[in-house]
Enquirer: 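So that we are looking at the same thing, I have put the structure below in structure tokens.
Whatever order the structure lists ligands and atoms in, that order sets their numbers, starting from 1.
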Amino acid sequence: QKPTVVITGASSGVGLYAAKALASRDWHVIMACRNLEKAKAAAQDLEIPPDNHTLMPIDLGNLQSVRNFVSSFRSLGRSLDALVCNAAIYMPLLKQPLRSPEGYELTMTTNHLGHFLLCNLMLEDMKRSPYSDKRMVILGTVTHNPDELGGKIPPRPNLGNLEGFAAGFKEPVTMIDGKSFEPVKAYKDSKVCNVLTMRELHRRYHDSTGITFSSLYPGCVADTPLFRNHYRLFQRLFPLFQKYITGGYVSQELAGERVADVVAAPEYRQSGAYWSWGNRQKKNRKSFVQQVSPQARDDQRGEHMWELSTQLVGLT
Ligand code: NDP
């Protein structure tokens with residue numbers, strides 16, 4: 001049987017192209033999406049073979065939906081050999097926070113808490129799989145890291161002492177550090193949590209399970225719909241800026257191949273690694289393991305994030 005991978009947010013952008021790349025490497029891809037009509041049309045457009053994919057509903061901004069997804073996956077009777085946590089929202093123009101059904105701020109819920117719950121639940125499925133090279137991959141981004149050029153633009157991420165999580169993360173709390181609402185920072189904070197989650201998974205479970213836990217920055221994929229909630233002018237200029245000024249631009253196809261490599265290529269079998277191809281793209285440039293930001297490599301903060309996230313998603 002083909003190995004099976006679950007990819008969240010496979011209806012557009014990096015997740016869709018990763019689904020395409022893995023399907024063409026003869027994986028069976030579970031496309032875990034919130035809009036199945038859209039995902040179906042996208043899979044058809046890209047000619048992902050019907051035999052190589054299954055569409056399944058998940059809303060990462062709703063923790064009950066994450067649990068329902070896991071139950072439905074289990075009823076398929078497939079083993080789980082890889083998981084890619086890719087879905088994300090970025091809503092830079094929001095003035096007021098949106099909330100999940102649980103009452104948590106929605107960017108952090110979708111990007112981090114939903115995936116945190118999914119990783120913890122699906123770890124059990126992966127442990128049961130007989131596949132010899134199991135991997136769990138979480139998408140990172142350069143903007144998580146103020147030490148990198150792409151991460152220097154304010155507002156910078158800052159988890160503080162996780163005061164907002166500790167206070168229950170519901171109204172009136174909007175941010176992980178308990179400070180006032182800043183939608184761009186909420187996205188960056190969530191991506192720091194993604195990297196911390198990957199590193200904690202590695203510390204806690206790599207030795208006992210043999211699973212490879214890793215993360216990556218695929219490059220600046222400037223023309224994905226991630227920027228759909230930004231000003232129109234930004235959407236037009238950002239890809240050009242990244243192509244001709246910073247040199248960071250990466251096509252969706254290439255980003256999808258990079259994710260597929262981290263999931264399946266032998267040279268990426270390194271647990272705890274954060275892969276990057278650098279900020280400026282050069283043809284045939286090799287990937288390397290990059291140091292993550294000071295907050296994302298702080299083990300104490302990682303443990304604290306783990307404990308509080310466990311409580312918020314109801315795993316205790
Ligand atoms: P897109 O907006 O193109 O794709 C995001 C995907 O997530 C879509 O399929 C979207 O579904 C899905 N999604 C959003 N909210 C939910 C939800 N509540 N439940 C389920 N699925 C949801 O963005 P990208 O492809 O650019 O981003 C993918 C990942 O790559 C993200 O983790 C991002 O942080 C990371 N990344 C992106 C970079 C870039 O330059 N674009 C750079 C570095 C990292 P729908 O189609 O229904 O909206």
Side-chain angles (χ1 to χ4, degrees), residues 6-20 30-43 45 55-66 68-69 84-92 98-102 104 106-115 117-118 137-145 148 150-151 157 184 186-195 197-198 215-230 234-235 238-239 241-243 246 248-256 258-259 262 274-277 279 281 290:
V6 166
I7 305 180
T8 66
S11 53
S12 84
V14 178
L16 173 62
Y17 283 84
K20 162 100 180 154
I30 308 285
M31 298 172 68
C33 299
R34 63 177 168 178
N35 181 340
L36 293 192
E37 284 304 308
K38 181 178 173 185
K40 188 175 170 195
D45 264 7
L55 299 168
M56 290 184 69
I58 191 170
D59 178 357
L60 283 144
N62 175 343
L63 300 176
Q64 188 53 49
S65 167
V66 173
N68 295 347
F69 169 80
V84 179
C85 296
N86 162 81
I89 50 170
Y90 175 62
M91 309 196 81
L98 301 174
R99 298 272 169 187
S100 73
E102 299 78 18
Y104 301 147
L106 194 62
T107 299
M108 182 57 88
T109 307
T110 307
N111 302 1
H112 166 58
L113 291 172
H115 281 128
L117 177 60
L118 186 69
V137 176
I138 308 181
L139 267 286
T141 176
V142 70
T143 54
H144 97 274
N145 191 352
E148 290 284 314
V184 175
Y187 173 80
K188 294 180 182 180
D189 287 348
S190 73
K191 299 310 284 185
V192 174
C193 288
N194 284 157
V195 179
T197 300
M198 177 280 285
S215 196
L216 73 151
Y217 169 56
C220 184
V221 203
D223 46 19
T224 71
L226 186 68
F227 308 100
R228 76 194 83 161
N229 297 308
H230 218 307
F234 177 89
Q235 292 176 23
F238 188 54
F241 175 73
Q242 291 294 343
K243 249 183 219 169
T246 69
Y249 177 85
V250 167
S251 69
Q252 300 184 74
E253 285 87 351
L254 182 54
R258 286 176 172 178
V259 173
V262 174
Y274 177 89
W275 297 98
S276 172
W277 286 257
N279 282 319
Q281 303 301 313
Q290 192 172 38

Enquirer: Could you tell me which atoms of ligand 1, counted from 1 in the order shown, lie closer than 4.0 angstrom to a heavy atom of Tyr217?
Expert: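 Answer for ligand 1: 42 (C), 43 (C).
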Enquirer: Where on Lys38 is there a heavy atom closer than 4.0 Å to ligand 1, on the side chain, on the backbone, on both, or on neither?
Expert: side chain
Enquirer: The test is side-chain hydrogen bond (donor to acceptor under 3.5 Å, both in side chains); show your working for Glu148 and Gln290 and say whether it passes.
Expert: CA-CA 11 Å; Glu148 290 284 314; Gln290 192 172 38; 3.0 Å; yes
Enquirer: Return the residue, atom name and 0.1 Å-rounded distance of the protein heavy atom closest to atom 26 (O) of ligand 1.
Expert: Thr224 OG1, 2.5 Å
Enquirer: Counting only heavy atoms, tell me which of Ser11, Ala18, Gly13, Gly248 gets closest to atom 11 (O) of ligand 1.
Expert: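 Answer by nearest heavy atom: Ser11.
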Enquirer: Which residue and non-hydrogen atom of the protein lie closest to atom 23 (O) of ligand 1, and at what distance in Å?
Expert: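 Here the closest protein heavy atom is Leu226 CB, 3.3 Å.
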Enquirer: Would Gly140 count as a contact of ligand 1 if the rule is a heavy atom under 4.0 Å away?
Expert: yes
Enquirer: Counting from 1, what ligand 1 atoms have a heavy atom of Leu60 closer than 4.0 Å?
Expert: 17 (C), 18 (N), 19 (N), 20 (C)
Enquirer: Between Phe227 and Phe238, is the ring centre distance below 6.0 Å?
Expert: yes
Enquirer: What is the nearest protein non-hydrogen atom to atom 18 (N) of ligand 1, stated with its residue, atom name and distance?
Expert: Asp59 OD1, 2.8 Å
Enquirer: Using side chain to side chain donor-acceptor pair (under 3.5 Å) as the criterion, list what pairs up with Asn229, not counting sequence neighbours.
Expert: none
Enquirer: Would Tyr90 count as a contact of ligand 1 if the rule is a heavy atom under 4.0 Å away?
Expert: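 Not so, Tyr90 does not reach ligand 1.
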Enquirer: What are the two closest non-hydrogen atoms of Asn86 and His115, and how far apart are they?
Expert: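 For Asn86 and His115, the tightest heavy-atom pair comes out as N-NE2, 3.8 Å.
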Enquirer: Looking at atom 25 (O) of ligand 1, what's its closest protein heavy atom, distance included?
Expert: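 For atom 25 (O) of ligand 1, the nearest protein heavy atom comes out as Val14 N, 2.8 Å.
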Enquirer: Touching ligand 1 at all, Thr110? Heavy atoms, strictly under 4.0 Å?
Expert: yes
Enquirer: Tell me whether Arg228 reaches ligand 1 (any heavy atom closer than 4.0 angstrom to a ligand atom).
Expert: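 For ligand 1, residue contact (heavy atoms, under 4.0 Å) with Arg228 is present.
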Enquirer: Measuring from atom NZ of Lys188 to atom NE2 of His144, what distance do you get when rounded to the nearest 0.5 angstrom?
Expert: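 If I round to the nearest 0.5 Å, the distance is 11.5 Å.
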Enquirer: With sequence neighbours excluded, tell me which residues meet ring pair (Phe, Tyr, Trp, His ring centres under 6.0 Å) with His112.
Expert: Phe116
Enquirer: Should Cys220 be listed as contacting ligand 1, given a heavy-atom distance under 4.0 Å as the test?
Expert: yes
Enquirer: When you compare ligand 1 with Phe227, is there at least one nitrogen or oxygen pair between them that comes in under 3.5 angstrom?
Expert: no
Enquirer: To the nearest 0.5 angstrom, please state how far the CD1 atom of Ile89 sits from the CZ atom of Arg34.
Expert: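 It comes to 7.0 Å.
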Enquirer: In the protein, which heavy atom is nearest to atom 33 (C) of ligand 1, and how far is it?
Expert: Tyr187 OH, 3.5 Å
Enquirer: Counting non-hydrogen protein atoms only, what is the nearest one to atom 21 (N) of ligand 1? Give residue, atom name and distance.
Expert: Ala87 CB, 3.7 Å
Enquirer: If you measure from each heavy atom of Gly219 to ligand 1, is any distance below 4.0 Å?
Expert: yes
